[in-house]
Student: 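Just passing along the structure, written as structure tokens.
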Number of protein chains: 2
Amino acid sequence: MFKKVLISDDLGSINQGVLSVVNKLNIKETQQVQYCDDAYLKIKKAILDDAPFDLLITDLSFVKDHREQKYSSGEALIIALNKEFPKLKVIAYSVEDRLQKVRLLINLHNTNAYVCKGRNGLLELEKAIQTVYKNKIFLSPQVAQALNPKTNLEINDFDITLITLLSKGFSQDDISIYLKNKNITPSSLSSIEKHLNKLRIQFKANNAIHLVAIVKDLGLI
Amino acid sequence: MFKKVLISDDLGSINQGVLSVVNKLNIKETQQVQYCDDAYLKIKKAILDDAPFDLLITDLSFVKDHREQKYSSGEALIIALNKEFPKLKVIAYSVEDRLQKVRLLINLHNTNAYVCKGRNGLLELEKAIQTVYKNKIFLSPQVAQALNPKTNLEINDFDITLITLLSKGFSQDDISIYLKNKNITPSSLSSIEKHLNKLRIQFKANNAIHLVAIVKDLGLI
DNA sequence: CAAAACCTTACGGAAATCCGTAAGGTTTTA
DNA sequence: TAAAACCTTACGGATTTCCGTAAGGTTTTG
């Protein structure tokens, strides 16, 4: 079994629960942090000390507070860690169940498991740890279909960008200018209209307001 | 100190954390549930058995699953309990920090404490239990201002109706027709525009989309 | 009671969104 | 490689939102 595990989650109560699972699994050394930056530093330090962590269990969303953070989310942390320390095993433990996000983490950033917090979260986490230890990938049942290539993945990043900008009060004209400035294509007003129209149909929304409301309810933005 | 406590939260990991706090406080009997209906039944049963609970610590949002529930949220549970068993002390333990909601629970439904899940959630929960035991109300610092009467968080029901209808895809014209049908005044398109304009200013929103997004984020709709 | 303040409603013009059509470019596919 | 499929962009018109002004009614206030 793993020898040295780091738990990263801003909610103390979650940390407690995860800890109880880890303890049950006969893991010798466990440490906890509540900030992504602390996780990064601890992992780096441990390698320098020649006593690296085997496994990181991390939340994805961290509430911002007064402490300025280099890594403000679990994703940012995972991406950085995967580049620098590809050998470290990582389990994401999150309330989110967006297939898009799961797919991104597993396929692009070599995350080893994605466990959804929920009624059976701790049970699944236990399974995840055991599965990852055997060098296999674990997904919670709710997101298991994420890796199925025929699962039509909702909407892409561009769409998310569009709706996010809308929700921030940008007019479609503003969005066009914004995208042009960033050299992102498509950026024409016409294309933006087309994409939003497609999204309205897809989400059965009457208008842009409705679309933003629906997508917000789904937690996609 | 309290003698018999019930913890209600759908996330197992949270339950664990809360449990550790309760145990620290020298409370003799603790029980846990993951569904609001179970909480209600356990509390009712305990009273019939002449061994009632002193305190309920409950989450507010419960993820729906296959099990059909009479009480689908912590609020619904609290409201029902307060009517039937007004003596039971209740602590809400939630990630939400909407002042509106806090005010509602404390003032209307006699909730005794509102603790925000967060980095210091368990610490605050401990304080909350002790404070409630002394028959005082406890609020997490982030929501402490909720009860301050000069905190103006009010937009009225009509405003909420307008924004809610917007978020459901109604055009302003649709809203006008809808209100006329329901004999609600004002109902003219012009008045609706005026009210929404006022709200846009109040919430510093650029347009209706932005307004709906902001108000959704605030949890007002 | 009368003035002031407020609210609802109407109207008109500018701006933005919605929606279809069409041209030209790129990628996919047979 | 040529046809098909797809994508971006442009444009025009209908509809809706945004915003100011103004008239008439109700409530508040001195």
Side-chain angles (χ1 to χ4, degrees), chain A residues 100 149-217 220-221, chain B residues 152 154-218 220-221:
Chain A
Q100 191 101 327
K150 87 175 216 303
T151 300
N152 183 15
L153 260 305
E154 314 135 29
I155 55 180
N156 61 36
D157 287 348
F158 182 76
D159 295 328
I160 297 282
T161 303
L162 287 189
I163 303 179
T164 304
L165 290 172
L166 270 191
S167 77
K168 287 183 179 170
F170 283 55
S171 72
Q172 294 178 194
D173 231 355
D174 292 340
I175 295 176
S176 171
I177 293 165
Y178 173 90
L179 293 177
K180 282 192 173 84
N181 282 339
K182 288 215 159 195
N183 278 353
I184 298 173
T185 55
S187 63
S188 73
L189 180 57
S190 185
S191 275
I192 291 166
E193 286 177 356
K194 276 247 180 325
H195 278 265
L196 288 176
N197 186 42
K198 196 194 67 193
L199 288 168
R200 275 203 308 276
I201 293 166
Q202 189 172 339
F203 286 99
K204 301 188 212 316
N206 292 339
N207 54 41
I209 300 178
H210 200 189
L211 176 65
V212 168
I214 290 170
V215 172
K216 274 191 104 68
D217 280 339
L220 267 40
I221 60 170
Chain B
N152 186 12
E154 285 325 321
I155 58 177
N156 60 37
D157 288 348
F158 182 76
D159 295 329
I160 298 283
T161 303
L162 286 188
I163 304 179
T164 304
L165 290 172
L166 271 190
S167 78
K168 287 183 178 169
F170 283 55
S171 71
Q172 295 178 193
D173 231 355
D174 293 338
I175 295 177
S176 171
I177 294 164
Y178 174 89
L179 293 177
K180 282 191 174 84
N181 282 339
K182 288 217 161 194
N183 277 353
I184 298 173
T185 55
S187 64
S188 73
L189 179 58
S190 186
S191 275
I192 292 166
E193 287 177 355
K194 278 246 179 326
H195 277 265
L196 287 176
N197 186 43
K198 197 194 67 192
L199 288 168
R200 276 204 306 277
I201 293 167
Q202 189 174 337
F203 287 100
K204 301 190 212 315
N206 293 339
N207 54 42
I209 301 178
H210 199 190
L211 176 64
V212 169
I214 289 171
V215 172
K216 272 192 104 70
D217 280 340
L218 290 175
L220 267 41
I221 61 169

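Letters A, B, ... mirror the listed sequences (proteins, then strands); counts begin at 1.
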Student: Can you tell me the pairing partner of dA23(C) across any strand shown, Watson-Crick or G-U wobble, with both distances under 3.5 angstrom?
Tutor: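 Paired with dA23(C), as far as the under-3.5 Å criterion goes, is dT8(D).
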Student: Return the nearest nucleotide to the side chain of Ser191(A); candidates are dT9(D), dC18(D), dC18(C).
Tutor: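 That would be dT9(D).
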Student: Rounded to whole angstrom units, what separation is found between the NZ atom of Lys198(B) and the P atom of dC19(D)?
Tutor: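 Those two atoms, NZ and P, are 16 Å apart.
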Student: Compare the minimum distances between each of dT21(C), dC19(D), dC18(C) and the side chain of Asn197(B), then state the nucleotide with the smallest one.
Tutor: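 Per side-chain heavy atoms of Asn197(B), the pick is dC19(D).
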Student: OP1 or OP2 of dT16(D) sitting under 4.0 Å from any side-chain N/O of Ser171(B)?
Tutor: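 Checking Ser171(B) against dT16(D): no side-chain N or O falls below 4.0 Å of OP1 or OP2.
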Student: What integer distance in Å separates Leu166(B):CG from dT16(D):P?
Tutor: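 It works out to 14 Å between those atoms.
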Student: Rounded to whole angstrom units, what separation is found between the CG atom of Asn207(A) and the P atom of dC18(D)?
Tutor: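 Distance check: Asn207(A) CG to dC18(D) P gives 11 Å.
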Student: Roughly how many Å is it from CD1 in Ile177(B) to P in dT15(D), rounded to a whole number?
Tutor: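 The distance from CD1 of Ile177(B) to P of dT15(D) comes to 14 Å, rounded to the nearest Å.
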Student: If you find the nucleotide of DNA chain C closest to Ile192(B) and the one closest to Ile209(B), which residue's nucleotide is nearer the 5' end?
Tutor: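 So the residue in question is Ile192(B).
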Student: Picking from dC18(D), dA22(C), dT9(C), which would you name as closest to the side chain of Ala208(B)?
Tutor: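 From the listed options, dC18(D) comes nearest.
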Student: Given dT17(D), is OP1 or OP2 found less than 4.0 Å from the side-chain N or O atoms of Arg200(B)?
Tutor: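 For Arg200(B), the contact criterion (side-chain N or O under 4.0 Å from OP1 or OP2 of dT17(D)) is not met.
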Student: Can you tell me how far CG of Leu166(B) sits from CG of Leu211(B), rounded to the nearest 0.5 angstrom?
Tutor: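 The CG atom of Leu211(B) sits 7.0 Å away from the CG atom of Leu166(B).
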Student: Less than 4.0 angstrom between a side-chain N/O of Gln172(A) and OP1 or OP2 of dC18(C), yes or no?
Tutor: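 Yes, within the criterion.
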Student: Does OP1 or OP2 of dC7(C) have a side-chain N or O of His195(B) closer than 4.0 Å?
Tutor: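 Answer is no, no contact under 4.0 Å.
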Student: Without decimals, in angstroms, what is the distance between Asn156(A) CG and dC6(D) P?
Tutor: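 Roughly 16 Å, once rounded to whole Å.
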Student: Toward the 5' end of DNA chain C, which comes first, Ser187(B) or Asp173(A), by nearest nucleotide?
Tutor: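 Result of the comparison: Ser187(B).
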Student: Using the side-chain heavy atoms of Pro186(B), tell me which of these nucleotides is nearest: dT9(D), dC19(C), dT8(C).
Tutor: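 Taking heavy atoms from C-beta onward, the closest nucleotide is dT8(C).
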Student: Distance check needed: dA5(C) C1' versus Lys194(B) NZ, whole Å only.
Tutor: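 After rounding, the gap between these two atoms is 16 Å.
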Student: Over how many whole Å does the gap from Ile175(B) atom CD1 to dT16(D) atom C1' extend?
Tutor: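 Going from CD1 in Ile175(B) over to C1' in dT16(D) covers 12 Å.
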Student: Ile192(A) and side-chain contact (heavy atoms from CB on, under 4.5 Å): which partner among Leu165(A), Asp174(A), Leu179(A)?
Tutor: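 The residue from Leu165(A), Asp174(A), Leu179(A) that satisfies side-chain contact (heavy atoms from CB on, under 4.5 Å) with Ile192(A) turns out to be Leu179(A).
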Student: On the side chain of Ser190(A), is there an atom forming a donor-acceptor pair with the base of dA10(D) - under 3.5 Å, no angle test?
Tutor: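 Side chain to base: pair present.
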Student: When only distance counts, do a donor and an acceptor, one from the side chain of Lys180(A) and one from the base of dT9(D), lie under 3.5 Å apart?
Tutor: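 Checked by distance alone, the answer is no.
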Student: What nucleotide, of dC18(D), dC18(C), dT9(D), holds the atom closest to the side chain of Glu193(A)?
Tutor: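 Nearest to the side-chain atoms of Glu193(A), counting from C-beta on, is dC18(C).
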Student: Can you check side-chain hydrogen bond (donor to acceptor under 3.5 Å, both in side chains) on Asp173(B) and Ser176(B), steps first, answer last?
Tutor: CA-CA 5 Å; Asp173(B) 231 355; Ser176(B) 171; 5.0 Å; no
Student: Please examine the side chains of Ile177(B) and Phe170(B), heavy atoms only from C-beta on, and report whether any two atoms are closer than 4.5 Å.
Tutor: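 No, every pair of side-chain atoms sits at 4.5 Å or beyond.
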Student: Figure out the CG/P separation between Leu211(B) and dC18(D), and round it to whole Å.
Tutor: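 Rounded to the whole Å, the gap is 9 Å.
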Student: Tell me whether Ser191(A) contacts the main-chain N or O of Ser187(A) through its side chain, where contact means a donor paired with an acceptor under 3.5 Å.
Tutor: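 Here the side-chain-to-backbone pair does not exist.
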Student: Under 4.5 Å between any side-chain heavy atoms of Leu196(A) and Asp159(A), yes or no?
Tutor: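 They are not in side-chain contact.
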